[in-house]
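Take a look at the structure set out below.
Labels below follow one simple rule: chain letters A, B, ... track the order of the sequence lines, proteins then strands, and each chain is numbered from 1.
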Amino acid sequence: MQQDLTAFCPEIVLVAGVLAAFVADLFLSRKPIKRVVVAAIAFVTVCGAGICLFCPASSSGLLFGGMVHADAFSVYFKALFAVAVCAAVVFSYFSDEVERDRDGEYYAILLAMTLAMFLLSSATNALMIFLSLEFLSVASYVLVAFRRRDKRSTEAALKYVVYGALASGLMLFGFSYLYGLVGSLDIVEIGRGLEQIFAGGATTSAKLIGSVSVMMVFAGFAYKIAAVPFHMWCPDVYEGAPTPVAAILSVGPKAAGFAVLIRFLISALPAGTIPWPAIIGIISVATMTLGNIAAIHQNNIKRLLAYSSIAHAGYMLMAVSAGSPDGTSAVMFYAAVYMLMNLGAFVVVMSVRASAGGSEEISTYDGLSKTQPLLAVLMTIFLFSLVGIPPFGGFIGKFYLFAALIKKAGYWYYVIALAGVVNSAVSLYYYARIIKAMFLKEPVSGNNIMKRAPAAFAAIAVILAVPVLVLGVYWSPLYLFAERSTDIFK
Amino acid sequence: MTQYPLLALIPLLPLLGAAYNAFVGARMQKRFGYAAVHVPAILMPGISFVITVLAFARLVSLPHHERVLTTTLWSWMPVGSVDAGVAFLMDPLALVMCGFITFVGTLIHIYSVGYMHEEPSYWRFFSYLNLFMFTMLVLVLADNFILMFVGWEGVGLCSYLLISFWYKEKKNAVAGMKAFIVNRIGDFGFLLGLLLLFWSIHGVTGGSSVVFRNIEEILAQPAVREALSSQTVLGLSLISMIGILFFVGAMGKSAQIPLYVWLPDAMAGPTPVSALIHAATMVTAGVYLVARLHFVFALSPLVMSWVALVGAVTAVFAATIGFFQHDIKKVLAYSTVSQLGYMFIGVGVGAYWVAIFHVMTHAFFKACLFLGSGSVILGCHHEQDMRRMGGLKKFMPVTAWTYFIACCAIAGFPFTSGFFSKDEILWKAFDSGNLLFPGGGLMIWALGALGAVCTAFYMFRSYYMTFTGEYRGAHGHNGHGGHQPHESPRNMTHVLVVLAAFSLVAGFIGLPHLWHLPSYLHHWLDPVFSGSAEIIRSAGHGSGHEWALMIFSVALALTGWAFARWLYRDNRNAAPSRLIESKHPLVCGIHRLVYNKYYVDEIYDAVFVGFVMWFRKICDWIDRNIVDALVNFAGLFGRLVGRVHGLTDTHVVDGAVNGTAWSIASMGSALRLVQTGNLRTYLYIAISGAIALVIMNFILFG
Amino acid sequence: MNPGLQHFLVLSAALFACGLLCLVTRRNAIGLLMGIELIINAANINFVAFSRHLGNDRAGQVFALFGIALAAVGVTVALAIVFALYRNFNKSIDVDDASRLRG
């Protein structure tokens, strides 16, 4: 157990950044330069945190009495969050949905959310998990409610708050029983304790309580990653929140949720306790199917992307249910690729929304290939990558997800993989609908003359599209990075 | 194995040229004219050729059995035993292929400047040409199956793009599609062969590889050879099955029976394309594949006999079709199919170096012939029918002479390049000891010889019809104003001269051993094929036989030439036209059969295309009558779910699910309505879900 | 009668059930928040009870403290959002009125 804090450097940088952002907002309020300064502080902080991750001085180890374990697994996810939030700062700056006079707080809370994600991905104690999960959720609630005068934003935030509070409450209750059963809050200790309970023939009531409490803890995690049956907040929140917030919500907290879920499953539920691969498998099939089927009839692009992100959580859960190092590295690889393509899709959505005067209907995409060809091409790249068509990175990611399942070579794993394949095929429909609208329909001519959205959106989308294309051909560095980071299996 | 990083530039430079022309070519063409498009496009393969020469120098400096240059760009798919990397390998075989591909390719790029000078999509043409060079070089230089397959598919794609270059005319687009689809059938065989090879080796040794050199080493072990020869699949030994599947791939790409039908139709593309792709380079990819996989093919006499037989039959079959064609490019297309047959005879009997020799010489003289025909077509203002040509020797002397020289080469006149390569193939066929059936070598040789005399005949027929006699073409009455045929510009004729020169002298690197003169090419390619050398046996015929065969070949060539000269020179002889107009039923029938290419296309259309159409009708019936019944049932099911939900909460169901839409769409609608927008509904479902999870866990898992 | 562990557990389970019921049946937004408070406090009671049962283990007590603090945080934010709800939905805090986002 380490006593020095060099491994905690990134988080410290983030804390300093949060404080600096609040202070700058306070001192520079009502000055036009405030926007640039606070955004710059946020950007520099996240970049600094990202760089701190790879400093050789940062050695991994348990910190704070076993609460936080800054190991290679968490470093991978932290790098992912850093990249995502960097992009988020930039596109939030150019977005017109973040109210210009109050956005100092926006960046500060975004940094706080990043800090929470960093903590969540390295939490190894039930208290720390709950604390960082709540932290993350609260920061997200505020960001979703950011447009105070917008009814949809408020409604989305209300649903998010109440739903999230219910899920956290369930998880807390579950943790309380686990604590009572095992006597410790550390997840490795919980694992050992559960093993003893389930193997050693304790009373059936103890086993019952054990499984019930684990299910309740699952409820908390499933809410964060928007898995069935705890997904219902997701479409409303993504639709109502400001689009930059929806973008970062769809990748950051989701990946963080997966990180903590994997850590929990592997450390706290060793083999012989709860048959979680089967349960996760069932949840994943339900999630994929619901996400894909519900997305078919959507007319609002953000709602469609919300259901799509539910479906992708289902695909990632498939590989989690495999429960092997291959499955874990597949999930990590897919999380990175998914981050790139989903953020890219949202950036294009932001751009089209800005030029269509705030409309989020899919009909605004008609004829986009003629009016804004670059955006149309970029959107096509992101959508095809989301379907999983070669030669884009999404295909490689899906390939690894399926490979992890097939390698387990069990009957039910094949069934889950088959469901995954069928779902991917179904998903082509609703993604292709957008592409069809862009390329084969005539542009909408009407009163909303297309004003030019800031070119920065196109630039960010290009920056995100390049790795998606490259990863379709040359992906081994990223996969090796993911593979080396699955040391939690030791 | 020596590292040679410059190797990577050989395919990458044309790729850069293609990208340049694809992205900014149109704008450059408008602003700076045609030179901005073709100068980079010509430079790129040119530089590739220079690097090839440098690589040659490097290889020569290495000892004889270590002549291998490699470079690895990155490790592409490190998945299990599949060790495919983006890695290039240049051994003597690859060098020969690269050499003439880049050389002939650059020349054809120069030629295209003249040929396509009126084309508005100039930039697109050169972009596609460079892209083709890239994929062909990747195919030849790949050191593993997966990368080679990328190149394999890539050349198929480029062939499609270039055949349908003038896609606005429907027949060009259809020809492109036909080429692509027939090629696809071959690709299927390639993939199956690859999978079977990979998994067979995995089954025998527990590990496997897709890198050629590794597979060669694995297959050199007697235990592996034994296992692969003894296990059978559908009555054939594993190694034979693998060989046949790879040969199917080669058949598709190199236009052998039965997958040759796309090549004559591919003449719809511009003539430089026909020269480059369908004469010199892409169609030889199949031969290259068989040569590369010599260690697989040599292990199975059955496959070798099959390859040689198919090659021989194709050689004769295509040659006969050439008798009556009157489109000059179609004559050359069938001639290509026929010559490819010879190359497959070469690899079939195990004379790999000879087949590659013929590939190389064929590249020169066939490119010269095609480019010459292009010059004729351009000079006669896009006239391709030989019956409307004639007497062009006085209008375009350079073209006429180079065409004549190339005809001599393809016919196999003494001391031309074609003589040395074709003669060597026929001798090796005669002398082959590996064929399954006794007297096989003799039969193959007989077919080859028959093809040779036919080749000489129809090639010189095309020469005499086109260049001698009186000009029969339109004399500019329809508003063109006094258009005589004219010689082509210098950039085209210079290329013709260079190619004709090579058609004459290229043969001297492979002189027959009979003459006690060194055969440089055989010595050069020896280390590549040494692994199979001990398997390939000769039938032990003496040098006397070889002399006899050589003289007989020359006699055949001269016979064919004389016959053609007698029938077609200056078009004075009325025998050909009398034959065509004859009313005698047998003559008429044979003429019609051969003229219509033995109705093969029509047979394919009726059998295969017809089958697919019939199958489509069956699927449609099933869809309408059986699937719809299921759909109605599913709609009912969706309605049931909605009712249950309506019991506990608000009005979710009304009118939503009605079962006429197809099942997934109606499920989608139902799901949309589950998402009511009411927060309490969400909470209720969440809690129910949690309880359901607990109950499910309890019931299913105790 | 001496309250043993099981009494506390029953109490917290009852509180939990009340909280769930509150969440599900109330239309008033503040009522929902009360339900959330009930659930979290039920868990807190659990933690303290188990901590006492396991021999005054600090971890449980600390968790209960954190639970109180986090409940406060959560409710604060939720109340701020309820304010926004009140403002935007015509002075109503009925959660059924906020049902525009659907499908």
Side-chain angles (χ1 to χ4, degrees), chain A residues 155 158-163 166-167 170 174 204 207-208 211-216 218-220 222-223 227-236 274-276 278-279 282-283 286 289-298 303 307 396 399-400 403 407 426 429-430 473-477 479-480, chain B residues 15 23 72-80 82-86 138 146-147 150 153-154 634 638 641 649 656-657 661-702:
Chain A
E155 181 188 330
L158 174 73
K159 288 178 178 162
Y160 199 14
V161 158
V162 177
Y163 204 97
L166 168 67
L170 281 175
T204 31
K207 284 194 198 156
L208 187 63
S211 44
V212 169
S213 48
V214 167
M215 288 302 123
M216 291 170 79
F218 273 0
Y223 144 74
V228 163
F230 305 102
H231 67 285
M232 307 204 77
W233 59 273
C234 192
D236 295 348
I274 313 257
W276 55 263
I279 298 174
I282 296 174
I283 293 180
T289 315
L290 187 141
N292 279 313
I293 292 181
I296 290 180
H297 281 296
Q298 296 304 322
R303 217 172 167 86
Y307 279 116
I396 307 293
F399 172 79
Y400 277 121
K407 257 208 192 133
V426 170
Y429 170 73
Y430 56 85
V473 183
Y474 177 49
W475 66 85
S476 34
Y479 188 71
L480 288 173
Chain B
L15 180 65
F23 290 125
T72 307
L73 283 184
W74 72 82
S75 161
W76 193 17
M77 294 189 202
V79 180
V82 176
D83 47 356
V86 177
V138 164
I146 311 278
L147 192 62
V150 170
E153 291 287 303
V641 167
D649 208 310
V657 181
W662 34 291
S663 60
I664 292 188
S666 69
M667 267 199 269
S669 306
L671 275 169
R672 260 194 116 183
L673 291 149
V674 168
Q675 192 89 14
T676 56
N678 188 330
L679 175 62
R680 286 161 52 206
T681 314
Y682 297 175
L683 296 174
Y684 176 82
I685 292 183
I687 295 172
S688 317
I691 296 176
L693 260 183
V694 169
I695 294 178
M696 178 186 77
N697 179 37
F698 189 63
I699 292 179
L700 286 179
F701 306 110

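Taking B:L693, B:I687, B:L73 one by one and counting their heavy-atom pairs under 4.5 Å with chain A, the maximum is reached by B:L693. Residue with the most contacts toward chain B among A:A278, A:A222, A:A219, A:P275: A:P275 (heavy-atom pairs, distance under 4.5 Å). Each of A:L290, A:I274, A:V473 has some count of heavy-atom pairs under 4.5 Å with chain B, and the biggest count is that of A:V473. Each of A:Y223, A:F230, A:W233 has some count of heavy-atom pairs under 4.5 Å with chain B, and the biggest count is that of A:F230.
The shortest heavy-atom contact between A:L170 and B:A690 is CD1-CB, 4.4 Å. Residues A:P229 and B:G689 approach most closely at CG-CA, 3.5 Å, considering heavy atoms. Closest of all the heavy-atom pairs between A:K159 and B:L679 is CA-CD1, 3.7 Å. In this structure, B:A686 and A:L166 approach most closely via the heavy-atom pair CB-CD2, 4.1 Å. What you find for A:R303 and B:Q675 is that their closest heavy atoms are NH2-CG, 3.4 Å.
Using cut-offs of 30° and 60° on the angle between ring planes, the pair B:W74 and A:Y474 is tilted.
Screening B:N697, B:V694, B:I695 for a side chain to side chain contact (heavy atoms under 4.5 Å, CB included) involving A:V212 leaves a single residue, B:V694.
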Next on the checklist: Working note: B:L683 + A:M232, criterion side chain to side chain contact (heavy atoms under 4.5 Å, CB included); need CA distance, chi angles, decisive distance, verdict.
Outcome noted: CA-CA 9 Å; B:L683 296 174; A:M232 307 204 77; over 6 Å; no
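For the atom pair A:K207 NZ and B:F698 CZ, the distance stands at 10.5 Å (nearest 0.5 Å).
Formation of a donor-acceptor pair under 3.5 Å by the A:S476 side chain with backbone atoms of B:W76 is not found in this model.
Only the side chain of A:Y307 comes within contact range of chain B, judged by heavy atoms closer than 4.5 Å.
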